Amino acid sequence: MTRTSRGARQRLLALSSRHHIEAHWGALGRLPGHRCLRGPETGMAMLKGRIGATGNAFHLGEMTLTRASVALDDGTVGHGWVRGRDHRHAELIALADAVAQHAEWQEALETQVLAPLADELAERQRRDAATAAATRVDFFTLVRG
Amino acid sequence: MYVAVKGGEQAIASAHRWLADRRRGDRDRAEIEVAQIGDQLRLAVDRVMSEASLYDPELAALAFKQASGDLTEAVFLLRAYRTTLPRLAVSEPLDTAGMRIERRISATYKDIPGGQILGPTYDYTHRLLDFLQLAGAEVPPAETRDDVTDAEPCPQILELLNDEGLVEQAIDDGSEPMDITRDPPDYPMERAARLQMLARGDEGYLLALGYSTQRGYGRNHPFAGEIRQGQVEVEIHVEEWDETICVGEIALSECQMINQFGGSREAAPQFTRGYGLAFGHNERKTMAMALVDRALRAEELGEPISGPAQQAEFVLAHADSVDASGFVSHLKLPHYVDFQSELDLLRRLRREHAARQAEVEGARDAASPKPEER
Amino acid sequence: MAQRERENRERVERETVSAAWPGLADPAHDSQRLFRQILGAMSEPGTLETLVLPAPPSDALGAALWGVVLTLCDLETRVWIAADLDSPALRQALAFHTGARITDDPASADFALLTHDAFDPEMPFALGSDTYPDRGTTLLVAVERLENDSNEARGDTNGWRLSGPGIADSRLLDIGDSPGCRRLMSRLGANRTSFPQGLDMIFGCGARLAAVPRSTRVTRADAKEVN
């Protein structure tokens, strides 16, 4: 079984829609109870750009950001952060972070949730790239005389 | 003396109700959903996010709907909402080189690694009204080109010029940028702070200023070196994590302008640069922003300051549509007492003027011989 | 692998801490309520406010000062912690619940956490500037006694008499009479010479707090001016 790293899991779940996560979440079966240690709460992240893309940082503007930290009944803690204002999305990411620390859930999480989500994300990105590629210009050189 | 004026509550309540009624329009037609605005009026949504300085497509669409399509009002609504939120994190600088490209063009090189990708652009449309849309014609899905399995990487084009040293480099010296939402702007202002103000500036205003530089008011001979749009992942650093984490992705537009070269006895001539970056698909805004950014570097680059677009305080202090519309709109507030005092003053001045005139005429009459005495 | 295990162990330790230090149950409303109380304490110097919130595991800090930290600190505030209150647990809890940055430099601190014993008048806290007097450090001081009732009734004169803005006539405040407490109060008395620059202090004792801003005149209860 491949084991998704903690950072990669957070990224995958943040890039997946809540709707998609919930579609696979049920496959985990009955999960231990949990309480929220912090949040879910919505705030903002200040986003930085770079002058000329590679130079000094500057503040571009803010975006909405939601975070949640949960503790399972046995005390295992998990954190989740996601762009936007969806509390449930952040909570699901935090739950996944907590559940992933338990051997008995790891396999189900990997195979039933993360693997299909990774496939969906890859497919979406492939489709986007293929759509963009259709607008790529092929130049013809006109030969005169 | 101040006289408190109260009243009009009923009139205001009725005005709000009429406003809501107008916004809803004909009840026989379906109400516009916020999600439809996000989907089908995405460029308006992007503009609202950019000028409100808050990336949240759903809320920008809501603001647009609530404002009945008045962009300046929508920007105001979203900017006001922004003040209710705590800041939870500051991102790592966004990596536009790692963008998932939707559009990427260069006006300076034809053949570029990764190619010229037009994306969903209006550029080659004929600007003819499309009456099929009036008739509700079906729209075919976008085409795809599946032979491109792995998207060819799209390096930043200006990096190609860097190899020869032909263009000034943008190097990170690690300095922390100021944040105009935390520290009040002070002039002269560092470039990072100027870009922050331009990024939330009104598009029409920046467009006019950018245009003015092209027409000779601070000319700097621009080329669109590269324009790119697409999705960029946002990474933040949080305490409870050992590494930076990705929290999602956002749409961005970026414009790298290449401008006239400077040089001195010590430094060889080089192209200079202007930079534009904005939320969503905001190509025109980023181009204008890059032109104005470059114009505002006049002093740094030792150029004469001859055009309005080169005057930092003038440009930046008037760029924000929330500031501008607020101050213009305040003229609608009751100024009854102010105006009454002006009226009193004006009447007194006129009385004094009339009295002086009468005096002058009286003196003239006394000095000139009366006709019957001739 | 050893690296990963160590990271995991650190993570578990850190998160046990985060779980033990309570945040506000209802952040929006609780922080509004606490803010109103802190504002009341600041605007009526010397009055006692009792903050209701879950107590932190540190008796030395106390619930009231923890409540002040949770209410006033965020991502953009810098906090300096004196050695006698400092612990990895407090640092982690502070970072987790508020996002505040810890600083080793008292001069750059918006808030300083210390006990009365640790106070040294030579500590270079920020006093603000004449243009921005608000940029001074606010000291959050844990004390062992915090009373308004007159000790004079018991025949001692440990208290300090406060007067000035927000105080109708004068108000007695007793924070204890340790050398540290005396140093604190005489430092507050010295605020008048640098006004509008100066230090503001919030004293916490268990769930109770009282504040003495720089605008307050401080004299010994036996009416000798403190200098």
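Residue numbers begin at 1 in each chain, while the letters A, B, ... track the order of the sequences. These numbers come from a predicted model, not from an experiment.
For chain A, no part of B:Tyr124 is nearby; none of its heavy atoms comes within less than 4.5 Å. Looking at B:Thr181, the atoms closer than 4.5 Å to chain A (heavy atoms on both sides) all sit in the side chain, from C-beta outward. If you measure heavy-atom distances from A:Asn56 to chain B, the contacts under 4.5 Å come from both the backbone and the side chain. With a 4.5 Å cut-off on non-hydrogen atoms, B:Arg104 does not touch chain A at all. Using a 4.5 Å cut-off between heavy atoms, A:Arg38 touches chain B through its side chain atoms alone. Heavy atoms closer than 4.5 Å to chain A are found nowhere in B:Gln169, neither backbone nor side chain. Neither the backbone nor the side chain of B:Leu158 comes within contact range of chain A; no heavy atoms are under 4.5 Å apart. Contact annotation for B:Pro57: only side-chain heavy atoms (C-beta onward) come within less than 4.5 Å of a heavy atom of chain A. Both the backbone and the side chain of B:Leu195 come within contact range of chain A, with heavy atoms under 4.5 Å apart. With a 4.5 angstrom heavy-atom cutoff, B:Tyr275 touches chain A only via side-chain atoms. Of the two parts of B:Asp293, neither the backbone nor the side chain holds a non-hydrogen atom closer than 4.5 Å to a non-hydrogen atom of chain A. Using a 4.5 Å cut-off between heavy atoms, B:Met178 touches chain A through its backbone atoms (N, CA, C, O) alone.
Between A:Trp81 and B:Val238, the closest side-chain pair of non-hydrogen atoms falls below 4.5 Å. Taking the side chain as every heavy atom from C-beta outward, B:Val247 and A:Gln10 approach each other to under 4.5 Å. The shortest side-chain heavy-atom distance between B:Gln196 and A:Leu60 does not fall under the 4.5 Å cut-off. For the pair B:Phe279/A:Met63, no side-chain contact is recorded, criterion being any heavy-atom separation below 4.5 Å from C-beta on. When side chains are defined from C-beta on, B:Glu249 does not count as touching A:Arg83, because their heavy atoms never get closer than 4.5 Å.
Closest heavy-atom contact between B:Pro177 and A:Ala57: CB-O, 3.2 Å. A:Leu65 and B:Ala89 make their closest contact through CD2-CB, 4.0 Å (heavy atoms, listed as atom of the first residue, atom of the second, distance). Nearest approach of A:Gly61 to B:Ser53, heavy atoms of both residues: CA-OG, 3.4 Å. Between B:Val234 and A:Leu47, the shortest heavy-atom distance links the atoms CG1-CD2, 3.6 Å.
Of the possible polar contacts, one joining the A:Thr54 side chain to the B:Ala170 backbone as a donor-acceptor pair under 3.5 Å is found.
To the nearest 0.5 Å, atoms OH (B:Tyr55) and CD (A:Glu62) are separated by 15.0 Å. Remark: B:Asp56 CG to A:Met44 CE distance equals 11.0 Å, nearest 0.5 Å. Here A:Thr64 contributes atom OG1 and B:Leu78 contributes atom CG; the two are 9.0 Å apart, rounded to the nearest 0.5 Å. A:Phe58 CZ to B:Ile180 CD1: the interatomic distance, rounded to the nearest 0.5 Å, is 12.0 Å.
The most heavy-atom pairs under 4.5 Å with chain B, out of A:Gly43, A:Ala134, A:Gly52, come from A:Gly52. The candidate from A:Arg127, A:Glu41, A:Arg67, A:Arg85 with the greatest count of non-hydrogen atom pairs under 4.5 Å with chain B is A:Arg85. Chosen from B:Met197, B:Gln156, B:Arg191, the residue pairing most often with chain A at heavy-atom distances under 4.5 Å is B:Arg191. Ranked by heavy-atom pairs under 4.5 Å with chain B, the first of A:Ala90, A:Ala14, A:Gly80, A:Gly84 is A:Ala14. Listed options B:Arg82, B:Glu92, B:Met49 were ranked by heavy-atom pairs under 4.5 angstrom with chain A; first place goes to B:Arg82. In terms of heavy-atom pairs under 4.5 Å with chain A, the best-connected choice from B:Glu243, B:Gln256, B:Arg100, B:Arg273 is B:Arg100. Ranking B:Ile117, B:Asp172, B:Leu54, B:Leu85 against chain A, the residue ahead of the rest is B:Asp172, based on heavy-atom pairs under 4.5 Å. For chain A, the option among B:Thr96, B:Asp179, B:Ile236 with the highest count of heavy-atom pairs below 4.5 Å is B:Asp179. The candidate with the highest count of non-hydrogen atom pairs below 4.5 Å against chain A, out of B:Gly276, B:Gly114, B:Gly230, is B:Gly114.
Taking a cutoff of 4.0 Å between a charged side-chain nitrogen and a carboxylate oxygen, B:Arg145 and A:Asp128 do not qualify as a salt bridge. Salt-bridge check for B:Glu176 with A:Lys48: passed, with a basic side-chain N closer than 4.0 Å to an acidic carboxylate O. A salt bridge links A:Arg126 and B:Asp146; the closest N-O separation between the charged side-chain nitrogens and carboxylate oxygens is under 4.0 Å. A:Arg11 and B:Glu233 are joined by a salt bridge, as a carboxylate oxygen and a charged side-chain nitrogen come within less than 4.0 angstrom of each other.
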Next on the checklist: side chain to side chain contact (heavy atoms under 4.5 Å, CB included) for A:Met46 and B:Arg87? Distances and angles first, verdict last.
Outcome noted: CA-CA 7 Å; A:Met46 172 53 94; B:Arg87 185 178 288 179; 3.3 Å; yes

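Summarising the local packing, CD of A:Glu123 is surrounded by more than 12 heavy atoms from other residues, nucleotides or ligands at distances under 6.0 Å.
Taking the salt bridge (Lys or Arg N to Asp or Glu O under 4.0 Å) definition, one finds that B:Glu102 meets it with nothing, sequence neighbours left out.
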